[in-house]
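Here is the structure we will look at, set down as structure tokens.
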Amino acid sequence: MSFAPVMTPLQALPPNPDEDALLREYYRLASLYLSSAGTGAIVSAPAPGAAAPAVVQPGSGSVVKKCRPRSSELVRVSSLGVRDQIYFRDLVRRARITFECLRGLLLRDDERAESLGLGGVAGYGGGGDRRRVRADLRAAALMADHDLWLNRDRRIVGSMPGISVGDAFFFRMELCVLGLHGQVQAGIDYVSAGRSASGEPIATSIIVSGGYEDDDDRGEVLVYTGHGGRDPNLHKQCVDQKLEGGNLALERSMAYGIEIRVIRAVKSRRSPVGKVYFYDGLYKVVDYWLDRGKSGFGVYKYKMLRIEGQEPMGTVNYRIAEQLKVDVFAVRPTGYLSFDISMGRELLPVALYNDVDDDRDPLLFEYLARPIFPTSAVQGKFAEGGGGCDCSENCSIGCNCAGRKGDEFAYDKTGVLLRGKPLVYECGPHCRCPPSCPNRVSQKGLQHRLEVFRSRETGWGVRSLDLIKAGTFICEFSGIVLTQQQSEIVAANGDCLVRPNRFPLRWLDWGDISDVNPEYVAPDYPALSELNFAIDVSRARNVACYFSHSCSPNVFVQFVLFDHYNASYPHLMIFAMENIPPLRELSIDYGMVDEWVGKLTM
DNA sequence: GTATTATCATGATT
DNA sequence: CAATCATGATAATA
């Protein structure tokens with residue numbers, strides 16, 4: 001293998017006798033993401049049009065979970081080269097997609113089952129006692145069954161390969177699956193005494209959720225409260241805490257100088273559970289003492305300092321972005337060239353910011369929120385593909401648009417794309433359904449506050465003030481659409497053309513749960529016509545033009561039809577393929593990086 | 001090995 | 001909408 005990360009045993013602890021085995025073990029887990037390792041125990045049969053569950057779970061109770069023997073050594077992963085970083089980033093993204101899409105499918109199946117149950121058909125006699133198990137837990141359990149958890153042994157100390165400071169997560173279970181924090185509820189994660197080489201518990205990560213009244217969080221300096229001593233129902237201290245479990249582990253980590261991963265919870269409207277977790281980087285415990293808490297009972301307190309030289313904290317970026325939305329000048333008194341380059345053409349303003357140099361280029365172009373298609377391409381094309389639907393209410397499974405060609409509904413009820421497809425048919429102006437129909441997502445325009453900004457590294461770039469949830473729509477790629485014939489003439493004059501067929505098929509990755517269920521394949525997708533058109537962005541363009549290129553991108557292009565049904569001229573809709581925290585640069589895979597990318601972004 | 005306990009979660013309900 | 005309840009999974013410990 002070409003990548004070779006350096007994994008060093010911790011200096012303060014006894015040397016690790018079997019480092020090679022650890023490496024192999026980590027790569028074994030890692031490689032499971034790359035090969036389809038499904039055992040076939042989980043199978044579904046998606047019948048066209050039928051409400052077949054996407055994921056069938058094995059009967060509970062009959063499955064015996066295998067526990068592999070665990071190594072007792074701590075590992076620190078460091079000195080990753082650029083290639084390794086991309087490799088692990090992709091690995092983590094794949095795990096996150098698997099988790100998120102499994103969860104989405106399980107929720108959808110629940111809803112289907114529920115709506116069928118309410119239909120009042122015979123079969124379920126009497127008992128409406130169908131308790132729902134949480135989808136996040138089921139998704140994690142399925143991934144565990146297939147050995148798809150990263151850092152399963154929770155031995156990695158320090159930063160996790162593939163996870164960056166500032167990354168955002170919506171579920172505790174997601175943190176478990178990725179190995180960032182292995183406790184479902186507990187705030188302190190540690191290697192237990194029995195599994196540690198020195199026979200002492202060692203803390204590796206904590207979550208600061210604001211649930212302990214004695215916490216004192218000042219960002220770089222954090223005084224964290226130990227756990228225990230609380231009434232399980234009232235969440236109030238009722239006895240003195242003891243120096244055991246996680247409390248002892250934090251003390252031991254301080255003694256050994258071991259860094260602690262810190263994850264903070266922030267309230268957020270955009271989260272399904274009202275909370276979002278940010279990875280804020282590594283801290284060191286510098287002091288600890290037994291104190292009298294506000295309750296009057298003894299609590300342990302740990303003073304932690306953030307290690308310097310790390311990327312900005314996710315929670316800090318979040319707060320900056322929140323304030324930018326309210327009072328721009330309080331945060332950035334200068335640098336804004338425009339507060340809305342769309343001049344009101346988008347649903348939300350798109351700001352232009354440059355505190356790097358004198359470039360004002362984006363101001364020179366006409367802002368075109370929607371692409372203009374050639375009349376020959378769209379005229380009289382409304383009836384192609386069966387026309388619109390006649391649903392009188394919000395569309396669902398049986399709808400002509402959603403179920404086109406035996407396909408399934410593209411979005412969940414919150415507008416998250418369930419799975420990438422060659423072509424998504426949304427309901428459009430020729431459908432009877434109301435605007436609130438859940439099958440109208442990308443046509444509604446911007447839902448996140450975006451800004452175009454100048455950076456020394458990537459030229460012009462785009463970032464969001466809002467946290468963008470994986471699978472949600474971001475914006476369309478706009479410009480003047482040219483037929484193949486027109487584009488050849490324009491290209492000869494050296495103008496900037498975006499060619500849709502150059503984009504790698506990244507939509508294939510979104511919704512891919514083949515690691516868990518190899519049988520869950522797409523039903524007969526209609527073959528996508530060859531896309532020979534081009535988009536001229538030399539005079540008119542929108543915010544999408546300023547996305548930076550990356551071969552490990554955080555957004556992707558999904559082709560969509562809704563206003564006309566000419567499959568040769570779909571809309572280029574951009575969706576998030578991971579949770580994108582506020583102020584993080586959006587990046588897209590343009591495929592071959594040729595001259596026009598340079599022209600557009602530099 | 002199994003049972004017990006603790007745990008800064010979720011989702012639905014009040 | 002906040003507080004509350006029921007249910008849940010995991011891992012550490014006994």
Side-chain angles (χ1 to χ4, degrees), chain A residues 57 60-61 63-70 72 99 103 106-107 110-111 114 128-145 149 151-155 169-177 179 181-196 199-217 222-239 241-242 244-250 260-269 271-278 293 295 299-302 414:
Chain A
Q57 292 178 85
S60 56
V63 179
V64 181
K65 283 185 183 167
K66 283 180 258 177
C67 287
R68 278 178 289 102
R70 295 192 148 159
S72 61
F99 176 83
R103 192 185 145 269
L106 289 165
L107 277 176
D110 280 349
E111 278 157 26
E114 213 160 75
D129 183 33
R130 203 187 304 148
R131 60 204 164 82
R132 256 204 212 178
V133 181
R134 281 159 45 190
D136 57 314
L137 300 184
R138 271 181 295 164
L142 282 168
M143 291 180 72
D145 288 344
W149 286 28
N151 188 22
R152 191 73 179 90
D153 295 345
R154 315 208 322 271
R155 286 178 281 128
F169 311 89
F170 290 111
F171 295 91
R172 287 288 294 254
M173 262 306 176
E174 196 179 358
L175 300 173
C176 293
V177 169
H181 184 89
Q183 297 285 345
V184 181
Q185 292 194 354
I188 306 169
D189 193 20
Y190 59 101
V191 177
S192 65
R195 293 202 298 123
S196 156
E200 301 158 295
I202 305 287
T204 53
S205 63
I206 60 167
I207 293 184
V208 189
S209 341
Y212 273 64
E213 58 188 2
D214 294 312
D215 286 352
D216 183 15
D217 187 2
L222 164 65
V223 177
Y224 190 73
T225 312
H227 63 191
R230 302 213 299 180
D231 183 292
N233 290 326
L234 298 171
H235 293 289
K236 279 183 177 171
Q237 300 297 138
C238 56
V239 290
Q241 291 184 348
K242 293 179 197 146
E244 60 185 21
N247 296 353
L248 180 58
L250 273 175
I260 309 285
R261 296 186 287 268
V262 171
I263 298 127
R264 284 192 177 84
V266 169
K267 282 185 185 171
S268 167
R269 219 188 75 254
S271 163
V273 293
K275 252 186 203 177
V276 57
Y277 298 92
F278 287 105
S295 61
V299 294
Y300 279 93
K301 289 190 173 177
Y302 302 86
T414 65

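Just so it is clear: chains get the letters A, B, ... in the order the sequence lines come, proteins before strands, and each one is counted from 1.
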Please round to the nearest 0.5 Å and tell me the distance separating atom [atom1] of [X] and atom [atom2] of [Y].
| X | Y | atom1 | atom2 | answer |
| --- | --- | --- | --- | --- |
| A:R264 | A:L222 | CZ | CG | 5.5 Å |
| A:S271 | A:F169 | OG | CZ | 13.0 Å |
| A:D110 | A:R134 | CG | CZ | 13.0 Å |
| A:Q183 | A:R172 | CD | CZ | 8.0 Å |
| A:L250 | A:I188 | CG | CD1 | 4.5 Å |

Say whether, by atom type as modelled, one donor and one acceptor occur between the side chain of [X] and the main chain of [Y] under 3.5 angstrom.
| X | Y | result |
| --- | --- | --- |
| A:Y300 | A:L248 | no |
| A:H227 | A:G246 | yes |
| A:D136 | A:E174 | no |
| A:Q241 | A:G226 | yes |

Separation of [N] [atom2] from [X] [atom1] (nearest whole Å):
| X | N | atom1 | atom2 | value |
| --- | --- | --- | --- | --- |
| A:Q183 | B:dT10 | CD | P | 14 Å |
| A:D189 | B:dC8 | CG | C1' | 13 Å |
| A:Q241 | B:dT7 | CD | P | 9 Å |
| A:K267 | C:dA3 | NZ | C1' | 12 Å |
| A:N247 | C:dT13 | CG | P | 12 Å |
| A:H181 | C:dT10 | NE2 | P | 14 Å |
| A:I207 | B:dT7 | CD1 | C1' | 11 Å |
| A:R155 | C:dA11 | CZ | P | 14 Å |

Atom pairs under 3.5 Å: protein N/O with N/O of nucleotides 2-5 of chain B:
none

What's the closest nucleotide to the side chain of [X] if the choices are [options]?
| X | options | value |
| --- | --- | --- |
| A:S192 | C:dA12, B:dA9, C:dT10 | C:dA12 |
| A:R154 | B:dA9, C:dT10, C:dA12 | C:dA12 |
| A:D215 | B:dC8, C:dA11, C:dA9 | B:dC8 |
| A:R152 | B:dA9, C:dA11, B:dC8 | C:dA11 |
| A:R195 | C:dA12, B:dT10, B:dC8 | C:dA12 |
| A:V133 | B:dA9, C:dA9, B:dT7 | C:dA9 |

Does a side-chain heavy-atom distance below 4.5 Å link A:F170 with A:V276? yes

Heavy-atom check, side chain of A:T204 versus side chain of A:R154, under 4.5 Å: no

Taking all non-hydrogen atoms of both residues into account, name the closest pair between A:Y190 and A:P201 and its distance. CD1-CB, 3.7 Å

Looking at A:N151 and A:G179, what are the two nearest heavy atoms and their distance? ND2-O, 2.9 Å

Contact class for A:G228 (heavy atom, under 4.0 Å): base, sugar-phosphate, or nothing? sugar-phosphate

Looking at every strand, decide which applies to A:Y190 at a 4.0 Å heavy-atom threshold: base, sugar-phosphate, or nothing. sugar-phosphate

Does the side chain of [X] get closer than 4.0 angstrom to OP1 or OP2 of [N] through an N or O atom?
| X | N | answer |
| --- | --- | --- |
| A:R138 | B:dT10 | no |
| A:R172 | B:dC8 | no |
| A:S209 | B:dA9 | yes |

Do any N or O atoms of the protein come closer than 3.5 Å to N or O atoms of nucleotides 11-14 of chain B, and which pairs are they?
from   : atom 1 : to     : atom 2 : distance (Å)
B:dA12 : OP1    : A:R132 : NH1    : 3.3

Reading 5' to 3' and counting Watson-Crick or G-U wobble pairs with both distances under 3.5 Å, write the dot-bracket notation for DNA chain B, | for bases paired outside the strand. .||||||.||||||

